[in-house]
Amino acid sequence: MTGEPLYLTTPIYYVNAEPHLGHTYTTVVADTLARFWRARGRETFVVTGTDEHGDKIAQAAAKASVSPKAYADRVSALFRSTWEATGLTPGYFVRTTDPGHVAFVQKVLAAIHARGDIYFDRYRGLYCFGCERFYQERELVNGLCPDHKQAPTEIAEENYFFRMGRYKERLVRLLEDEPDRITPEGYRREVLAMLREPIGDLCISRPKSRLDWGIDLPFDARYVTYVWFDALLSYVSALEHVGRLDLWPTAHHLIAKDILKPHAIFWPTMLMAAELPLYRRLCVHGYWQMDRDKMSKSLGNVVRPLEMQARYGMDAFRYYLLREMAFGQDADFSEAALIARLNADLANGLGNLASRVLAMQQRYFAGVVQPAAPTPADLALRAAFDAARRDLDAQVADFAFHRGLEALWRALDHANKYVVETAPFTLAKDPGGRPRAGAVLHELCEALRVTAQLVEPFLPETAARLARLLGLPADVLGRLDLPWGDAFPAGHRTAAPEALFPRVEVPGA
RNA sequence: CGCGGGGUGGAGCAGUCAGGUAGCUCGCGAGGCUCAUAACCUCGAGGUCGGUGGUUCAAAUCCACCCCCCGCAACCA
């Protein structure tokens, strides 16, 4: 398992909005998983990107008096630059307007059409322009669209349909036989529940008379393909573009629960029809609920990643997101909670530990690491970090980032206790105690080194900084199996402490 | 029968899938330490884990029913 490559995707984000908390969370998870598994010997490849076709984009562009492409270019570039600035850099950034993607979509559509799984039919239905979709009678609330509270318009038109229903039973069997295809488990059950209802076929086109901002159907130039055959196929077209289609069967899709159905039902049936391998796993997370009462006025209602980065640092923001949300469940976002985490876990916990250890190393030994001489207490400290590593690995493998971090912080707590119990600051003042004080600090430096390595997927900037303060080369972060005691040879010097995470004081809080 | 989330010490949460000492942060009380970012460590007060019934040697955790709260006005992940 450990050696298997891993292809991670975020959704391609629709360019009708600027990057916000939801986009950022999914992208942070992808980045964290990529770093985590890379450090454990797996090749990882992350793709994110933008979804650029559709009504809303055409309308927004018209409103701004620019072409749809120009509009999409601008917002797409905003996503790309945001991820670069925040260090969430994917291996590839795909756009649905990329010529390669367009050609790929047309190739797949042509193949499925040739096979007879796409047919032409007349459709009459109730269409909501806000949702850009047709509704069944029974889905309406008092005759109105449940989202937009508007009466849908009856439209009759001819369109192309994908024979999705043909693959339903095969999909049900797959999900029953391979429970790990969708995680967390609750979402698999939800999908199986959806599949107990008739799923019908999927309308996959729009006449150009109504919408022409899309990819032409290869078999009928009067139409463009709509939404799913365009957007979902980007997961594969991106790999084709970079010449790594071999990674496709290892795909793990990270999504939020709002797009569960397209990813859990439309997408696998499309892949079956296209005779492409299925993705390996669908990983579904919940929503961040905005607690407006707890938001600062300056923050407003929108959580912009660049603002959070500027205010608290990207690492603190990442930590909060990963520590606070149980992957799969909803969570509340509040700036107060972020600050509480930052102060308690990062400043008082990790930051203060690094600070006191490096300060003593500096003050008592001019930064020179002394020989170790393990006692039972020292071995217990090592055991605490060994346990943290095991717990962390198990929890992250299960997407339980919050528990993984909790496990690592148990070891940090242990280290803080160890400082008090061994009291190197007392030992160092007595000539007879100096060797022991030096040995204790050696253990603590190792603890910090292991911490830097384990925390790297979550707090990459901090890990690099900690390594530097410890006087270690940056590549030490990838050497997870470096034995305890081997990182600091005789004469090794550490640097003077720096505040990794200054406390954030809130007036009146 | 719209969809979804939730009710755990004063506040905010984890733990529920794989039943077996109820854990974390903040706050509160007492003490310790003085290396450190007024941080760190120890001890303590405070919970019948929404309710009722059931399964079990054992339930916050499984099953049934019931009560209550919140989101779906957004930046849709």
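So you know, we letter chains A, B, ... as the sequences are listed, proteins then strands, and number each from 1.
Computed from coordinates, the A:Arg323 CZ to B:A14 P distance equals 10 Å when rounded to whole Å. Nucleotide B:A14 holds its C1' atom 17 Å from the CZ atom of A:Phe327, rounded to whole Å. In this structure, CZ of A:Arg410 is placed 13 Å from P of B:G15, rounded to the nearest angstrom. With rounding to whole Å, A:Leu342 atom CG is found 14 Å from B:C26 atom C1'. The distance from atom CG of A:Asp332 to atom P of B:C26 is 20 Å, rounded to the nearest whole Å. The CD-C1' distance, from A:Glu190 to B:C17, rounds to 15 Å in whole Å. For A:Trp288 and B:G4, the CH2 to C1' distance is 17 Å, given to the nearest whole Å. Here the P atom of nucleotide B:A74 and the OH atom of A:Tyr14 are 16 Å apart, to the nearest Å.
For the P atoms, the distance linking B:C1 with B:U8 amounts to 32 Å, nearest Å. Nucleotides B:U52 and B:A60, compared at atom C1', are 16 Å apart to the nearest Å. The gap from the C1' atom of B:U25 to that of B:C62 amounts to 30 Å, rounded to the nearest Å. B:C26 and B:G51: their C1' atoms are spaced 30 Å apart (whole Å). Comparing B:C63 with B:U55, their C1' atoms are spaced 7 Å from each other, to the whole Å.
Nucleic acid contact class of A:Tyr13 (heavy atoms, under 4.0 Å, all strands): sugar-phosphate only. If you check every strand for non-hydrogen atoms under 4.0 Å, A:Trp409 touches nothing. Counting any heavy atom pair closer than 4.0 Å across all strands shown, A:Asn16 reaches sugar-phosphate atoms only and no base atom. Here A:Ile255 lies in heavy-atom contact (under 4.0 Å) with sugar-phosphate atoms only. If you check every strand for non-hydrogen atoms under 4.0 Å, A:Pro11 touches sugar and phosphate atoms only.
Under the Watson-Crick or G-U wobble criterion, with both distances below 3.5 Å, B:C3 is paired with B:G71. Figure legend. B:A11 is base-paired to B:U25; pairs are counted as Watson-Crick or G-U wobble with both atom distances under 3.5 Å.
Residue A:Gln329 is the one, among A:Gln329 and A:Gly286, whose nearest nucleotide of RNA chain B lies closer to the 5' end (criterion: closest heavy atom). Between A:Pro19 and A:Arg341, the residue anchored closer to the 5' end of RNA chain B is A:Arg341, taking for each the nucleotide with the nearest heavy atom.
For A:Arg403 and A:Glu406, the salt-bridge test fails: no basic side-chain N is under 4.0 Å from an acidic carboxylate O. Between A:Arg436 and A:Asp378 there is a salt bridge, since at least one side-chain N of the basic residue sits less than 4.0 Å from a carboxylate O of the acidic one.
The side chain of A:Ala326 sits closest to B:G15 out of B:C24, B:G15, B:C76.
For A:Thr27 and A:Tyr13, the side-chain atoms include at least one donor-acceptor pair closer than 3.5 Å. Residues A:Tyr235 and A:His263 bring a donor and an acceptor atom of their side chains to less than 3.5 Å of each other.
When each of A:Thr96, A:Thr97, A:Asn16 is paired with A:Glu52, the side chain to side chain donor-acceptor pair (under 3.5 Å) condition holds for A:Thr97 and for no other.
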| remark: With sugar-phosphate taken as primed atoms, P, OP1 and OP2 and all else as base, the protein-contact string of nucleotides 29-45 of chain B at under 4.0 Å (heavy atoms; B, S, -) is ----SSBBB-SSSS---

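Using a 4.0 Å cut-off, no side-chain N or O of A:His402 falls inside it from OP1 or OP2 of B:C13.
Taking the centre of each ring, A:Phe333 and A:Tyr320 come in below the 6.0 Å mark.
With rounding to the nearest 0.5 angstrom, the CG atom of A:Leu405 is 10.5 Å from the CG atom of A:Leu454.
Listed by chain and number, the residues in a ring-ring contact (aromatic ring centres under 6.0 Å, His included) with A:Tyr287 amount to none (sequence neighbours excluded).
With A:Phe385 as the aromatic partner, A:Arg389 does not meet the cation-pi criteria of under 6.0 angstrom to the ring centre and within 45 degrees of the ring axis.
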